[in-house]
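Below: the structure, in structure tokens.
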Amino acid sequence: MKTVVSDPVLVIGAGVAGLTAATQLADSGIRTVLVDRLPIVGGNAMDLYKAFPTDDCFYCFEGSRTRPGIRKCFYRSAILDQPNIDLKVNAEVTEISGSPGKFQAKLSVGPQYIDSKKCIMCGLCIERSKSFSLPSPQCQPQAVIYDPELSDEGAKKAEEECPTKAINLGAQPSEETVQISDIVIATGYHEMKPVSIDEYGYGKIPNVVTQLELAQILDPNGKSGGALVRPSDGGQVKRVMMVQCVGSRDENYYPFCSKICCVYALKHANIIMLERDSVQVAVVYMDIRTYDRHERYYRVARDAGVRFVRGRVSRLEACEDGTLDIIAYDSLLDKYLKFNVDLFVLSSALEPPKGSAELIKSLGLHSASGFVGPADSISENAVVAGDHVYVCGAATGPAEIPESVTQARAVVSMILQSRK
Amino acid sequence: MTETEEKADPPAVMIEPIDISKLDPDFREGIRSMPNGEELSACFACSTCTAACPIANTWKYKPHQLIRMILLGMREEVLSSEEIWLCLTCFECQERCPQNVRVTDIFFDCKNLAAEEGMIPDSIVGLAKELVDKGQLYVVTADWEREDMDLEPEVPGLSTEEFKTILKGTRTGQIVGGDE
Ligand SMILES: Cc1cc2nc3c(=O)[nH]c(=O)nc-3n(C[C@H](O)[C@H](O)[C@H](O)COP(=O)(O)OP(=O)(O)OC[C@H]3O[C@@H](n4cnc5c(N)ncnc54)[C@H](O)[C@@H]3O)c2cc1C
Ligand code: SF4
Ligand code: SF4
Ligand code: SF4
Ligand code: SF4
């Protein structure tokens with residue numbers, strides 16, 4: 001099917017990859033429907049605190065340089081000021097029909113309780129009821145979010161008192177169908193909740209967390225203001241142990257290497273050792289895979305005094321005082337080492353997000369361990385998933401932000417080229 | 001079947017693990033602060049040093065393990081190990097280490113630290129004693145060989161007295177203990 005320059009594109013997922021693709025398509029004059037199932041955009045990157053390779057906030061990556069005046073939060077201006085982007089949050093694609101180049105996508109859009117164009121983030125509603133919250137000062141859309149499950153009397157008051165009349169508690173979900181020529185899948189990843197790996201006690205012992213949860217503890221915008229505290233009692237953390245390859249490289253869970261967990265585990269280890277007062281970190285690993293330029297994180301971690309233990313955790317016991325007694329087998333020394341730690345952090349596998357299998361099936365795409373694989377396995381063009389169907393970012397499998405952004409740009413350039 | 005669903009407990013009897021909290025983190029820093037120790041922490045346990053070593057195959061603790069033990073703070077075990085004294089000081093490990101860890105030099109540092117604490121194997125003390133007492137390690141004994149070649153029995157100009165005096169004043173002399 002031949003497409004013309006102005007044909008609209010559907011981008012599924014508004015993480016870093018989807019946002020990059022959507023803003024660049026829109027900047028090129030292409031109408032773009034950007035859909036995300038969450039109430040705010042940004043995806044997983046919203047929760048990372050400092051991001052490698054620059055140790056900067058993720059909003060500041062490469063792409064922001066082309067937009068004048070704004071170093072931080074370029075997506076704020078990109079999303080709000082770009083008339084070619086039709087952003088739909090709380091929304092999912094329920095059905096895709098038609099043929100390549102002439103798709104129809106049915107969208108189900110959740111109730112729009114808050115009109116983000118009207119909300120001025122004055123905070124009045126948050127004072128009235130806990131059903132309103134502000135996910136982050138930089139969140140996009142720039143508006144509070146409302147959780148109907150927590151609704152109370154205060155919520156009704158807020159609706160009446162909102163200075164801009166931005167609240168509509170009676171909002172209903174809606175459905176709509178959009179005509180598009182191309183589809184960009186940017187659905188990202190989900191960090192596995194390792195509840196079923198009994199030996200680590202995740203979900204049962206409060207001081208056992210995942211790396212993404214640790215990132216939120218370390219975030220200065222978080223509950224503890226960035227202080228490294230124990231989830232169990234808010235007490236100061238003095239000793240941390242991390243375990244690599246939890247659910248990755250394991251035929252019982254995911255056979256693949258999640259590729260970036262070694263890098264962000266060491267990113268976290270370095271932040272803790274170098275920026276928090278006298279905390280000792282140990283990392284239990286099978287291989288450290290800080291690929292290409294990220295080797296630097298490994299080197300810094302060793303210099304900082306992170307204790308690396310090649311081997312596996314043998315036993316873990318929760319003590320009365322909230323600490324954990326851990327015995328790890330050190331295969332380099334052929335000895336068992338005993339540790340006592342406050343926080344036990346699991347580098348859990350990055351898995352395909354919910355709904356991936358259905359999406360892959362409905363569009364007849366190739367599955368690569370549950371992520372979206374290339375259409376042509378010989379050319380291995382990672383971003384071409386099918387006829388008029390593209391994929392970028394962690395939807396292709398675990399990927400870092402710079403890689404996700406690069407892939408998103410590759411998708412944009414392929415779409416533009418196909419329309420000449 | 002219910003039996004197969006039952007989970008096996010971890011081993012009930014476990015050989016006493018090494019308690020990390022009882023190790024000495026200052027040991028790592030101590031070695032690291034010495035002129036040879038700067039790159040110590042760069043070690044990533046690749047074991048190239050052990051692969052390079054011509055004699056470590058007979059050692060209980062291999063070179064990469066000794067470096068690892070230093071990093072963990074296993075001061076006692078390292079300083080009392082016989083391996084640091086068995087080292088031939090051939091520098092093969094050091095030359096091949098991909099992280100520029102000065103393995104051989106670090107073992108020298110360990111020997112010096114061990115010596116300061118009086119942890120020197122008897123065989124080494126014996127050698128030192130020989131050196132201090134005789135002023136040389138290999139005494140020229142086979143005079144007849146010299147005679148056969150028409151040389152005078154005494155090596156001309158070889159005087160060990162000065163060496164003995166100097167050596168007595170050194171740490172080697174102190175280790176052997178002044179017996180005069
Ligand atoms: C602990 C941790 C630390 C990390 N640190 C770094 C770092 O320092 N530097 C770095 O470069 N990378 C880091 N990463 C990786 C980084 O998170 C990813 O590279 C990046 O978030 C990928 O962006 P994405 O847009 O591809 O996917 P995502 O961020 O996962 O975004 C996907 C979006 O799609 C939406 N979505 C999914 N399915 C659907 C659907 N069916 N319908 C509608 N919407 C859908 C989701 O809600 C989400 O908003 C880290 C990852 C973890 C886990
Ligand atoms: S009261 Fe209205 S304007 Fe103020 S934060 Fe709430 S929704 Fe936004
Ligand atoms: S990146 Fe590291 S922790 Fe993650 S799966 Fe690969 S080897 Fe394991
Ligand atoms: S060769 Fe160097 S880096 Fe490798 S184990 Fe030996 S000391 Fe460590
Ligand atoms: S210097 Fe010592 S440890 Fe190093 S290779 Fe030679 S004998 Fe082995």
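In what follows, every heavy atom counts, from backbone to side chain, and hydrogens, waters and symmetry copies are set aside. Numbered from 1 within each chain, the chains take letters A, B, ... in sequence-line order.
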Discussion item. Within a 6.0 Å radius of atom CG on Asp321(A), are there more than 12 heavy atoms belonging to other residues, nucleotides or ligands?
Written reply: yes
Worksheet entry | Exercise: identify the closest heavy-atom pair between Arg307(A) and Pro25(B) | NH2-CB, 4.5 Å
Fill in: More than 12 heavy atoms of other groups within 6.0 Å of Tyr291(A) OH
yes
Fill in: Side chain to side chain, Leu337(A) and Pro17(B), heavy atoms closer than 4.5 Å
no
Worksheet item: Below 4.5 Å, heavy atoms only, C-beta onward: do Gln99(B) and Arg302(A) meet side chain to side chain?
Response: yes
Worksheet entry | Interchain contact, Asp303(A) with chain B, by part (heavy-atom threshold 4.5 Å) | both
Worksheet item: Above 12 or not: heavy atoms from other molecules or residues under 6.0 Å from CD of Glu275(A)?
Response: yes
Item to complete: Give a yes or no on whether Asp277(A) atom CG has more than 12 heavy-atom contacts from other residues, nucleotides or ligands under 6.0 Å away.
Response: no
Fill in: Those residues of residues 66-82 of chain B, ordered by number, that approach chain A below 4.5 Å (heavy atom to heavy atom)
Arg68(B), Met69(B), Leu72(B), Met74(B)
Practice prompt. Tell me, yes or no, whether the heavy-atom count around Lys338(A) atom NZ, taken from other residues, nucleotides or ligands under 6.0 Å, exceeds 12.
Written response: no
Worksheet item: Crowded around Gln236(A) CD? As in, over 12 foreign heavy atoms under 6.0 Å?
Response: yes
Discussion item. Looking at Lys204(A), I want to see if its NZ is surrounded by more than 12 non-hydrogen atoms of other residues, nucleotides or ligands under 6.0 Å.
Written reply: yes
Fill in: Spatial distance of atom CG (Asp330(A)) from atom CD1 (Ile20(B)) [nearest 0.5 Å]
8.5 Å
Discussion item. Within residues 36-48 of chain B, which residues come under 4.5 Å of chain A, heavy atom to heavy atom?
Written reply: Glu39(B), Ser41(B), Ala42(B), Cys43(B), Phe44(B), Ala45(B)
Discussion item. With rounding to the nearest 0.5 angstrom, report the CG to CD1 distance, Leu333(A) to Ile18(B).
Written reply: 6.5 Å
Practice prompt. Would you mind checking which part of Tyr298(A) comes under 4.5 Å of any heavy atom in chain B, side chain (CB onward), backbone (N, CA, C, O), both or neither?
Written response: side chain
